[in-house]
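Single-structure report; data block below.
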Amino acid sequence: MPIAIDRFGFNTVTLGGGLGHKLDCMRAAGFSGIELWARDLIAYPGGVEKAAERVKASGLRVTDFQPLRDFECAPDAMRPHRLEMAREQLRQMALVGADLLLVCSTTSPLAIDDAERAAGDLRTLADLAEPLGIRICYEALSWGRHVNRWEQAWDIVRRCDHPAVGLNLDSFHMSVKGDDTPETLAALGEVPTSKIFLVQLADYFFEYGNRQADLIELARHQRLFPGEGLHDMRDMVRLLEERGYGGHYTFEVFNDDYLNSDPMVVAERGMKSARWMSDAIGRSDQATTTTGDRQ
């Protein structure tokens, strides 16, 4: 059956303009969920508390709050600072009623390569967040210092062994690392869906070059909505749905063209993508992925 539209969320990073107008456009386009950034609150006129009031008044549910960067495996001298930054983000989340914090794998050149330490750090963070009713969602950035594949992230989540720590799957980071093959999807099928807390979706046209800088350029400036590019993610979504995943799918689309366009037009474009994805998964005759019915 089709995926319920209210399970799709929209990321504020995709739209230009102020937070209030972004919220209005997302709501008008038909979205009910929003991916919120700490900077959305910090930059709001009147401060964080006023921003939180505006988010709550929008009627949009905060699917996740992001990102906490360079947290795990920091050197001992940096750990108090990283913990303080985490506490501040948790405070902001409590203000907007968010219950899922996205933690990106560290890119710091000072980070220690130690999966057990990474798991311990996430466990510490989860213990801080749990009294607030907040869960932790760990993501492998494709340019992460030591963790840059989803299976590495899953290994750390599994080592963590904490009920409030789960995995984020980002189709963009998976695709650019070649982790969207049938073999990889078969491995993904072994992950309990109860430990997958969020799925982020984004398409793109071109392959990146050989340098990390090329990959970051593609990731931060040229992503597309699902169905607009050349990298189909329907097999992954179909697998997750068949295995009982019931969480959110969010569109994390960094695109300079969208950022400089009419926010309402871009939000409607995102909703078109959500409906395309929902309908495609719901069609009983789509046993295998084809490209003939792209947007």
Checklist entry - Can you check whether Thr106's main-chain N or O pairs, donor with acceptor, with Glu72's side chain at less than 3.5 Å? => result yes
Checklist entry - Would you say Arg149's side chain and Lys177's backbone share a donor-acceptor pair under 3.5 angstrom? => result yes
Checklist entry - With distance as the sole test, does Asp40 use its side chain to make a donor-acceptor pair with the main-chain N or O of Trp37 at under 3.5 Å? => result yes
Item to check | Side chain proximity check, Asn255 to His221, heavy atoms < 4.5 angstrom | outcome: no
Checklist entry - Counting N and O atoms only, with roles assigned by atom type, does the side chain of Arg61 sit under 3.5 Å from a partner on the main chain of Gly9, one being a donor and the other an acceptor? => result no
Checklist entry - Would you say Met26 and Leu15 make side-chain contact, with heavy atoms under 4.5 Å? => result yes
Next on the checklist: Treating Gln152 as the side-chain partner and Asn148 as the backbone partner, does any N or O pair qualify as donor plus acceptor under 3.5 Å?
Outcome noted: yes
Checklist entry - With a 6.0 Å cut-off on ring centres, are Tyr204 and His231 close enough? => result yes
Checklist entry - Would you say the ring centroid of Phe10 lies under 6.0 angstrom from that of Phe251? => result no
Checklist entry - When Asn11 is tested against each of Gln200, Glu35, Arg223 for side chain to side chain donor-acceptor pair (under 3.5 Å), which residue passes? => result Glu35
Checklist entry - So do Ile5 and Ser278 actually touch side chain to side chain, heavy atoms under 4.5 Å? => result yes
Checklist entry - Between atom CG of Leu102 and atom CG of Leu100, what is the distance when rounded to the nearest 0.5 Å? => result 7.0 Å
Checklist entry - Is the backbone N or O of Ala202 less than 3.5 Å from a side-chain atom of Ser171, with the two atoms forming a donor-acceptor pair by type? => result yes
Checklist entry - To the nearest 0.5 Å, what is the distance between CG (Asp76) and CZ (Arg79)? => result 6.0 Å
Next on the checklist: Closer than 3.5 angstrom, by distance alone: can the side chain of Asp155 be matched with the main-chain N or O of Glu151 as a donor-acceptor pair?
Outcome noted: no
Checklist entry - Are Ile216 and Asp214 close enough that some pair of their side-chain heavy atoms sits under 4.5 Å apart? => result no
Checklist entry - So, Asp6 and Ser32: side-chain donor and acceptor under 3.5 Å apart, yes or no? => result no
Checklist entry - Looking only at side chains, do Ser142 and His173 share a donor and an acceptor under 3.5 Å apart? => result yes
Next on the checklist: Checking the side chain of Arg123 only, and the main-chain atoms of Val165 only, is there a donor and an acceptor separated by less than 3.5 Å?
Outcome noted: no
Next on the checklist: Under a 3.5 Å distance rule, please check whether Glu130 uses its side chain to pair with a backbone N or O of Asp127 as donor and acceptor.
Outcome noted: no
Item to check | Minimum-distance pair of heavy atoms, taken over all atoms of Leu185 and Leu239 | outcome: O-CD2, 3.2 Å
Checklist entry - Counting distance only, does the side-chain N/O of Ser58 pair as donor-acceptor with the main-chain N or O of Val55 below 3.5 Å? => result yes
Checklist entry - Would Leu90 and Met93 count as a side chain to side chain contact (heavy atoms under 4.5 Å, CB included) if you check the C-alpha gap in whole Å, the side-chain angles of each, and the deciding distance to 0.1 Å? => result CA-CA 5 Å; Leu90 292 172; Met93 291 181 67; 4.2 Å; yes
Item to check | Pair Tyr44-Glu49, side-chain donor/acceptor within less than 3.5 Å | outcome: no
Checklist outcome for this item: Between Phe225 and the options Tyr249, Trp276, Tyr258, the ring pair (Phe, Tyr, Trp, His ring centres under 6.0 Å) test singles out Tyr258
Checklist entry - Side chains of Pro226 and Met233: does their closest heavy-atom pair fall under 4.5 Å? => result yes
Next on the checklist: Can you confirm if the NZ or CZ of Arg135 lies within 45° of the ring axis of Phe197 and under 6.0 Å from the centre of its six-membered ring?
Outcome noted: yes
Checklist entry - Should we count NZ of Lys50 as having more than 12 external heavy atoms under 6.0 Å? => result no
